[in-house]
Amino acid sequence: MSRVSLGERVLALRAQREAAHRRRRIRTVARREGVRCEVDGRELLNFCGNDYLGLAQHPRVIAALRDAAGEGAGSTASHLVCGHGAQHAALETELADWLQAPRALLFGSGYMANLAVVQALLGDGDACVQDRLNHASLIDAARLAGCAHKRYPHADADAAERQLISHAGGAALLASDGVFSMDGDLAPLPALAAIAREQQATLYIDDAHAIGVIGTAGRGSIDTAGLDNKDVPLRLVTFGKALGSAGAAIVGDADLIAHLAETARPYIYTTALPPAQVAATREAVRIARAGDGLRERLHANIERLKSGARARGLRLMASETPIQPLLVGDDADAVAMAAALEAQGYWVAAIRPPTVPGGSARLRITLSAAHDAWQVDGLLDALSRARDAVAP
């Protein structure tokens, strides 16, 4: 018998990625000061993070973390054993109140939360119908659940309806990102909600990139679409984007969430978030909920970037959110433009397949309320120079 060597396989696959300009390398940030960071001994302006409201280093959030440090470095166990403390219970209550839903349930990450929802609710004979550009965790969740997994073309509500009609038996979950993480556009939520009602499916929205950013009091894409908990019984809220913290929650219908708490493996079999981290998230929620001024500043930065890009002939994709992708197309060109930006002091990530479809490599520019207008203008000038340097 001759087995395949895993060592040889990974080296061959690495060589393939290298040839296609698709290697991924970990960069170490030695120091952060707001949107400034030190990477490999060089100070860069960060335009690739998801700290949309600038809360990751907000003095009140840091103070809350510090004040709760006496509660311990960890929660010591899973929620169902002895890891669920007063901080966890309070955050769940505050999230449900903010988002006007019956209940919330905490998870260690958005990835774990998405796995939990689909695996706990669906199985053999059921269907998960979802947008082709959904986050990878939703794709993986459907694969692991053992249900029929159907993907419709991006933002095509009619195609979603056809997929649901084609699988009439069993339970059905219609799942979509609220704001798509690589394109920055919004899902057609009113149409999806109407289809879910008609087809007796449950609509689930991953609102990771919308919470805190859009909607009344930052309630996200569901509020922006004029929908409520009856229309969208379950939504994902992550804490590592606009809230500047870590972790996630599922928010929505009390009975569905109670089922998750008793049966979802990613909830049952993992340690609860550290209480000090939860305390920091609670403070971030308070700031975001009352953060209309931060949102106004963020959206002013978005409009400044968009208008400046138009004036310079830069091809930003259609987005009204802090995610402003600059379509490049070729993988090598995207990597070269990112390197040219870094040489000028700007950190923007080059996003390539398989994260995005082939031929749609891009620079994923992200904005924050912490960016100043002159920093946005400087990025625009640097983008123009990078484009001209890479253009044939």
One thing to verify: whether [Y] and [X] come together as a salt bridge, which I'm taking to mean a side-chain N less than 4.0 angstrom from a carboxylate O.
| X | Y | value |
| --- | --- | --- |
| Glu320 | Lys306 | yes |
| Asp331 | Arg17 | no |
| Asp131 | Arg151 | no |
| Asp381 | Arg312 | yes |
| Arg385 | Asp388 | no |
| Asp183 | Arg362 | yes |
| Asp40 | Arg27 | yes |
| Arg235 | Asp253 | no |

Keeping the roles fixed (side chain from [X], backbone from [Y]), state whether a donor-acceptor pair exists under 3.5 Å.
| X | Y | result |
| --- | --- | --- |
| Ser75 | Ala272 | yes |
| Asp372 | Gln375 | no |
| Ser176 | Ala187 | no |
| Arg304 | Trp374 | no |
| Glu43 | Gly345 | no |
| Ser307 | Glu303 | yes |
| His79 | Ile268 | no |
| Thr271 | Ala77 | no |
| Asp223 | Thr216 | yes |
| Asn301 | His371 | yes |

(request) Sorted by first residue and then second, give each salt bridge (charged side-chain N to carboxylate O under 4.0 Å, His left out) pair with at least one member in residues 56-79; sequence neighbours left out. (result) Arg60-Glu283
(request) For residues 107-129, pull every pair meeting salt bridge (charged side-chain N to carboxylate O under 4.0 Å, His left out), keeping only residues two or more places apart or in separate chains. (result) none
(message) Which residue in the set Lys150, His149, Gln163 passes side-chain hydrogen bond (donor to acceptor under 3.5 Å, both in side chains) when paired with Gln130?
(response) His149
(request) Among Gln87, His88, Gln277, find the one that has a side-chain hydrogen bond (donor to acceptor under 3.5 Å, both in side chains) with Arg282. (result) Gln87
(message) Before you tell me yes or no, could you show the steps for Tyr204 and Asn114 under side-chain hydrogen bond (donor to acceptor under 3.5 Å, both in side chains), namely the whole-Å CA-CA distance, both residues' side-chain angles and the distance that decides it to 0.1 Å?
(response) CA-CA 10 Å; Tyr204 173 51; Asn114 274 339; 2.6 Å; yes
(request) Carefully, step by step, assess Asp228 and Arg219 under the rule salt bridge (Lys or Arg N to Asp or Glu O under 4.0 Å). (result) CA-CA 10 Å; Asp228 59 22; Arg219 293 192 186 105; over 6 Å; no
(request) Dump the intermediate steps for salt bridge (Lys or Arg N to Asp or Glu O under 4.0 Å) on Arg289 and Asp97, then the final yes or no. (result) CA-CA 11 Å; Arg289 188 171 184 173; Asp97 181 67; 2.8 Å; yes
(request) Check which hydrophobic residues are tied to Ile26 through side-chain heavy-atom contacts below 4.5 Å, counting indirect links as well, and list them. (result) none
(message) Which residues pass the side chain to side chain contact (heavy atoms under 4.5 Å, CB included) test with Ala194, not counting sequence neighbours?
(response) Arg197
(request) With the side chain counted from C-beta on, respond yes when Leu379 and Leu45 share a heavy-atom pair under 4.5 Å apart, and no when they do not. (result) no
(message) When you compare the side chain of Glu38 with that of Glu33, does any pair of heavy atoms fall below 4.5 Å?
(response) no
(request) Name all residues meeting the salt bridge (Lys or Arg N to Asp or Glu O under 4.0 Å) criterion together with Asp158; count only those two or more places apart in sequence or in a different chain, and write none if there are none. (result) none
(request) Check whether more than 12 heavy atoms from other residues, nucleotides or ligands sit under 6.0 Å from atom CZ of Arg132, and answer yes or no. (result) yes
(message) So for atom CZ, which belongs to Arg24, do other residues, nucleotides or ligands contribute more than 12 heavy atoms lying within a distance under 6.0 Å?
(response) yes
(request) Answer yes if the side chains of His135 and Tyr111 hold a donor-acceptor pair under 3.5 Å, and no otherwise. (result) no
(message) Please list all pairs meeting ring-ring contact (aromatic ring centres under 6.0 Å, His included) that have one or both residues in residues 166-186, counting only residues at least two apart or in different chains.
(response) His154-Phe180
